[in-house]
Amino acid sequence: MVPQRPSPGNVPPPQSAADTPIVRGRAHARAAAAIRNGLQDLLAADVESWPERGFTVHKQRTVRTVLVGALDGVGVHLKVFRADKLSDRARDALRGPRGEREFRNLERVRQLGLPTVEPLAYGMTVAGDELRSFVATRTFTDAAPFRFDLPAAVQEAAGALLRRLHDAGELPGDLHAGNLLVDAAGELRLVDLTSITHRGELSLGERAAALAFFCKDLDGGALDPVARPVLAGYLRAGATIGGDFERELMLATHRWRAGALPSFGRRAERSCLHTEVGERRRGTPRWAWFVGEGGLPATDRARLQEFVASPPPPDKTGRRGAVWLLPDLVVKRRDKGAAQKLWTAAYWLLFAGVDAPTPLALCTWRGQGFVFARRSGPRSLAEELRAGELDAAAIDAAARRLGHSLGRLHAHGLRNRDLKFENLVREPATGKVHMVDLDGVRKNAVPDQRGAGADLGRLLAAWRHAGEPGGDATLRTFLRAYLRCQRALLRRPPIGRVLRRAEQRAGEWRQRHPATDA
């Protein structure tokens, strides 16, 4: 039986509470009586002044701002949408304002008997010369986003809630763990249903894709050991799901990862949670600043700007550009296009969880680009090995970390054709082995295994050139870490074929570079 929408003439409770119209100048809304007076006063002011009226900015993104406060003594969350892009404006014109759309979606899901935050109002508010849509919901007190370390009973309840939603024919487009709230008593509430659609009976692939997205922060998606209670709750909450559901979940996780990597890489080019991009002005350097974890404080930016204005003599020069090794920073100068690729590659590795220096800033000007990153350590792995500074335990730990990083790199469809010990730096504080030269990083399709053998062969040549530190035990440690990481990410590489290719490539490297550092 195909699930149908609730009939408009026979809507079960709760009924819509936003039955009171409000008009304040250009702003207009419909609101529940409980917050009508407070919202009417608030709409008289510009959105930018709402923090002065007792509201706190809870989240701020390129497409929306969420504020928290109270209206007429009722705790509320106000989500205000932006429509800066042409695509956003076209979508709003076609589908209606996002504030009203989310309000209607919340109402519909509540009418199905599923727990959501309570919608209280929607409308259009003034922001400078613009009108922006908004939605107001009642604050779910003492709630926090769902986590996979919660008690098994709560996780199973979350899985059961997802199953009920899917069995009702509802397919959310943005339901991840952060959009499911849970309070201290384990009570659950769905939030942020702007993109939910009624699809009727969901296919096996649609269910798998929704579960993979909900578990996207886990290496194994919905098949990750940490997510077992969620998956168990999902499977037990309804009829037996036919077909090879486990395979569909694995494929859905691969597809999500394949699409998410380039999407995250585009964050390097636009202002978002991780990046602050300056305006494009003729004859002026354009800066992109990394503002994620480990980024440079805004108070330190003048130092980098002064460096670009008057760079000292570089420490290294080559066909690709110049390199400066400062006590705490590494600066690379490349052609503009190469610098932008280097900057994007740093974001790819950040998304993939590969050990690499934290990117700090990109400056493009007059056809050139300066890429700034934190310096991982004073010397490369090759220099440490030549100096005999690493004992057997340190060599074993470095091999394990390197195998882990390379496994993550390949599982995300990335390759690095310039892997050598000179381009690896061991971070003294953590023992992580950072890939510090990202000019050779390239992106393949996730299932594509081509290039994996070449990367392994390059490292194998470097290890042999260094005198095989740690002997065969080091090689086994590296390969175990590599395979363990691949399996955690649901990859099953043809390891025999990859290793044969690695041996071939290692021999080719030694023949071509007999007297160079591998």
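Residue indices begin at 1 and follow the sequence shown. Please read these numbers as outputs of a predicted model, since none were measured by experiment.
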**OP:** List the steps and the verdict of side-chain contact (heavy atoms from CB on, under 4.5 Å) for Thr275 and Arg270.
**Re:** CA-CA 7 Å; Thr275 315; Arg270 59 181 176 85; over 6 Å; no
So, [X] and [Y]: side-chain donor and acceptor under 3.5 Å apart, yes or no?
X	Y	value
Asp418	Asn423	yes
Tyr347	Arg266	no
His434	Arg426	no
Ser195	Asp174	no
Tyr482	His410	yes
His274	Arg267	yes

Under 3.5 Å donor-acceptor, [X] side chain and [Y] backbone:
X	Y	result
Thr477	Ala473	yes
Arg257	Asp219	yes
Glu130	Ala127	no
Glu384	Leu390	no
Thr344	Gln340	yes
Glu100	Pro97	no
His176	Gly178	yes
Arg484	Gly403	no
Asp335	Ala338	no
Asp224	Leu218	no

How many angstroms lie between atom [atom1] of [X] and atom [atom2] of [Y], to the nearest 0.5 angstrom?
X	Y	atom1	atom2	result
Phe370	Arg333	CZ	CZ	5.0 Å
Phe307	Trp324	CZ	CH2	5.0 Å
Asp355	His404	CG	NE2	6.5 Å
Phe55	Thr65	CZ	OG1	13.5 Å
Leu304	Leu360	CG	CG	7.0 Å
Leu193	Asn105	CG	CG	6.5 Å

Within a 6.0 Å radius of atom [atom1] on [X], are there more than 12 heavy atoms belonging to other residues, nucleotides or ligands?
X	atom1	answer
Arg320	CZ	yes
Arg497	CZ	no
Lys216	NZ	yes
Asp149	CG	yes
Glu246	CD	no
Arg280	CZ	no

Original post:
Taking the six-membered ring for Trp, are Phe351 and Phe264 parallel (under 30°), tilted (30 to 60°) or perpendicular (over 60°)?
Top reply: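 Rings of Phe351 and Phe264: tilted, as their planes differ by 30° to 60°.
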Is any side-chain N of the basic residue among [X] and [Y] closer than 4.0 Å to the acidic one's carboxylate O?
X	Y	answer
Lys420	Glu422	no
Lys341	Asp439	no
Glu503	Arg464	yes

**OP:** Determine, stepwise, if the pair Glu468 / Leu475 fulfils side-chain contact (heavy atoms from CB on, under 4.5 Å).
**Re:** CA-CA 9 Å; Glu468 300 186 2; Leu475 191 58; over 6 Å; no
Subject >> Passing option when Ser376 is tested against Val436, Thr430, Val433 for side chain to side chain contact (heavy atoms under 4.5 Å, CB included) >> reply: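 One option only clears the test, and that one is Val436.
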Original post:
Quick one: are the ring centres of His166 and Tyr234 less than 6.0 Å apart?
Top reply: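 Yes, close enough.
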**OP:** Compute the centroid of each ring, for Phe146 and then for Phe214, and state whether the two points are separated by less than 6.0 Å.
**Re:**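 Distance test on ring centres: under 6.0 Å, yes.
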Original post:
Which of these, Arg375, Arg374, Arg303, sits in a salt bridge (Lys or Arg N to Asp or Glu O under 4.0 Å) with Asp328?
Top reply: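 The single option meeting the salt bridge (Lys or Arg N to Asp or Glu O under 4.0 Å) with Asp328 is Arg303.
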**OP:** Show your working on salt bridge (Lys or Arg N to Asp or Glu O under 4.0 Å) between Arg199 and Glu206 and close with a plain yes or no.
**Re:** CA-CA 10 Å; Arg199 299 291 292 271; Glu206 287 174 325; 2.8 Å; yes
**OP:** Please assess Arg132 against Arg82 for the test side-chain contact (heavy atoms from CB on, under 4.5 Å), listing each intermediate value before the final yes or no.
**Re:** CA-CA 6 Å; Arg132 295 182 183 170; Arg82 299 174 63 109; 3.7 Å; yes
**OP:** Compute both the distance and the angle, then confirm whether Arg301 meets the cation-pi test with Trp287: under 6.0 Å from the six-membered ring centre, within 45 degrees of the axis.
**Re:**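 No - Arg301 does not lie over the ring of Trp287 by the 6.0 Å and 45° rule.
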**OP:** Check the pair Leu409, Leu349 against side-chain contact (heavy atoms from CB on, under 4.5 Å), reporting the backbone distance first and the verdict last.
**Re:** CA-CA 7 Å; Leu409 188 85; Leu349 266 58; 3.9 Å; yes
Subject >> Student check: side-chain heavy atoms of Pro172 and Leu165 closer than 4.5 Å >> reply: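 Of all side-chain heavy-atom pairs linking Leu165 with Pro172, at least one is under 4.5 Å.
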Subject >> salt bridge (Lys or Arg N to Asp or Glu O under 4.0 Å) between Arg442 and Asp455, intermediate numbers included >> reply: CA-CA 11 Å; Arg442 297 292 184 270; Asp455 285 355; over 6 Å; no
